[in-house]
Every structure is written in structure tokens, then in C-alpha cells.
Amino acid sequence: MKNPIIAAIESRVSTNMFDADKALTDEQIKELVRLATRAPTAYNLQNWRFIAVRTGEAKARLQAAAYGQAKVTEAAVTYIVCGQLPSHTVIEGRLRPSVEAGFMPAEMVGAWTEAVESTYGDNPQMQRDEAVRTATLGAAFLMLAAEAHGLATGPMVGFDPTAVARKFGLAADEIPVVLIAVGHARKGNWPQKPRLPVSRVLETI
């Protein structure tokens, strides 16, 4: 039997047409985010936020900022996956559970705090890059979590980030990186498009 993780990777498709009559429960919406936050983040910053857009009013707002894409309103929920600019001020709180669990030495907290401050503090480009990396990894885990639960996903970068930030009250340190529509696919979606051969994209040194 094929490993289920490999099966999910190989079978996932980008869905454009969803069954608008099928919804997700609050528990399902939360569970997908719980699994998404198992993705790695630098220094365990966990610098992300997920906004689950599911009501008709909120979907209409998001659709207007996503150039009218129908899947925003047809999908059961569309997540706005936001990356947050990294800040050394959150490190102590993020690492405290690891220290209390006994596997992380307490003195490492200060060292990691200093490392975050020196790495990102005066470098806006590094801050933005880290926010985008974090959100992208979280979005990828969310899509695989949805696949594991028999749900379809449609990632979207076709949206106005300034409009999304304004319409959904994003903080100054938050970047809307990608939208992930989640729900039940209806007939008519394309299969997974063929990928380039590994020989074209892999260099072994």
C-alpha cells in the first residue's frame, strides 16, 4: 500500500470549481489550521495568521479583492494565509513551552532572541522574505491536510494584497501571501497538470 502522504502529494489538484452547496463545520475549519501550524518556522516564530472566510458577506468582500474569482464564493471556505514580519519580542513566549517540556535549555531562549533581532531587526527585505516563507509553508501543509480529509483545494495568488489588507483589517506587520479555497470539488475540474521531468529541475553536485 502506498504511503498516504505520497498518495496525497501525487493526487492533489488545484481545484477551480467547487460544490457551493457543501459546507465545512467549525471543527473541520479549525482542524485544518491545527495541522497547517505543524509546518516549520524559523526559530519557532510561528509568524502566521489564518483568516477563514466562510460567510456570504465576507466571501463577497474577498471576491471583490480577488478579481471576481468564482471559487472564492463557491468553496466552503477560503483561507487568507498571512505571514507576519518576524519580531524578537515574541520569542520568549514561543519557546517557553519547549523549556517547560524539558527538552530546550532555558539559556537558549536569550540566544535565539538575540539571533532573531540581529537577523531581521534592520533588514526589511529579510523580514518580508521570512513572512512569505512562513505563510507558504503553512499554506502547503493546509492543502495536504485538506487532501487527507478528502477535501479539494485551490490556491490563489490572483488578488489585490492592499485591498485584502484593508478589507480584512490586517495589521501593519501582516502580509496576505496566498488564498486557499477549500471545499468539495464538482465535476469538470482538470486533473493534475504534467510536471517537468526531474532531470530538468534537479542538479546533483
Side-chain heavy atoms under 4.5 angstrom apart, residues restricted to Ile, Leu, Val, Met, Phe, Trp, Tyr: same cluster for [X] and [Y]?
| X | Y | value |
| --- | --- | --- |
| M143 | W190 | no |
| L196 | L202 | no |
| L32 | L144 | no |

Which atom names give the shortest non-hydrogen contact between [X] and [Y], and what distance separates them?
| X | Y | answer |
| --- | --- | --- |
| K193 | R195 | O-NH1, 2.7 Å |
| N189 | A185 | ND2-CB, 3.8 Å |
| A135 | C82 | CB-C, 3.9 Å |
| A64 | K167 | CB-NZ, 4.4 Å |

Atom pair [atom1]/[atom2] of [X] and [Y] - distance to nearest 0.5 Å:
| X | Y | atom1 | atom2 | answer |
| --- | --- | --- | --- | --- |
| T55 | E57 | OG1 | CD | 5.5 Å |
| R128 | L85 | CZ | CG | 8.5 Å |
| L142 | I180 | CG | CD1 | 6.5 Å |
| R54 | T78 | CZ | OG1 | 12.0 Å |
| T119 | Q127 | OG1 | CD | 11.0 Å |

List the atom pairs, with distances to 0.1 Å, where a side-chain N or O of residues 3-19 and a protein N or O form a donor-acceptor pair under 3.5 Å, not counting sequence neighbours.
residue	atom	partner	partner atom	Å
N3	OD1	I5	N	2.8
N3	OD1	I6	N	3.4
E10	OE1	K2	NZ	2.6
S11	OG	A7	O	2.8
S11	OG	E147	OE2	2.9
R12	NH1	T153	OG1	3.3
R12	NH2	S14	OG	3.1
N16	OD1	K71	NZ	2.6
D19	OD1	D21	N	2.9

R186 meets the salt bridge (charged side-chain N to carboxylate O under 4.0 Å, His left out) criterion, sequence neighbours left out, with E74
Fellow cluster residues of [X], listed by chain then number, with links counted only when side-chain atoms sit under 4.5 Å apart:
| X | result |
| --- | --- |
| Y43 | L45, V90, I91, L95, V99, F103, M104, M108, V109, W112, V116, Y120, M126 |
| I51 | V53, L62, V72, I80, M156, F159, V164, F168, L170, L179 |
| F141 | none |

How would you list, by chain and number, every residue that makes a side-chain contact (heavy atoms from CB on, under 4.5 Å) with L137, sequence neighbours excluded?
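In terms of side-chain contact (heavy atoms from CB on, under 4.5 Å), with neighbours along the sequence ignored, L137 is linked to A39, P40.
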Indicate yes or no: at least one non-hydrogen side-chain atom of [X] is less than 4.5 angstrom from one of [Y].
| X | Y | result |
| --- | --- | --- |
| V177 | V81 | no |
| V33 | Y79 | yes |
| T89 | E117 | no |
| T37 | Q46 | no |

Has the side chain of T73 got a donor or acceptor atom that lies under 3.5 Å from a matching backbone atom of A70?
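Such a contact is found between T73 side chain and A70 backbone.
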Apply the test salt bridge (charged side-chain N to carboxylate O under 4.0 Å, His left out) to residues E130 and R133: give CA-CA distance (whole Å), side-chain angles for both, the deciding distance (0.1 Å), then the verdict.
CA-CA 5 Å; E130 198 59 62; R133 273 192 290 267; 3.0 Å; yes
Apply side-chain contact (heavy atoms from CB on, under 4.5 Å) to H149 and L35, showing your working.
CA-CA 11 Å; H149 282 82; L35 293 170; 3.7 Å; yes
Might you confirm whether atom CD of E92 has over 12 heavy atoms from other residues, nucleotides or ligands at distances under 6.0 Å?
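Not more than 12 within 6.0 Å, no.
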Within 6.0 angstrom of R34 CZ, more than 12 heavy atoms from elsewhere:
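Atom CZ in R34 is crowded, with more than 12 foreign heavy atoms closer than 6.0 Å.
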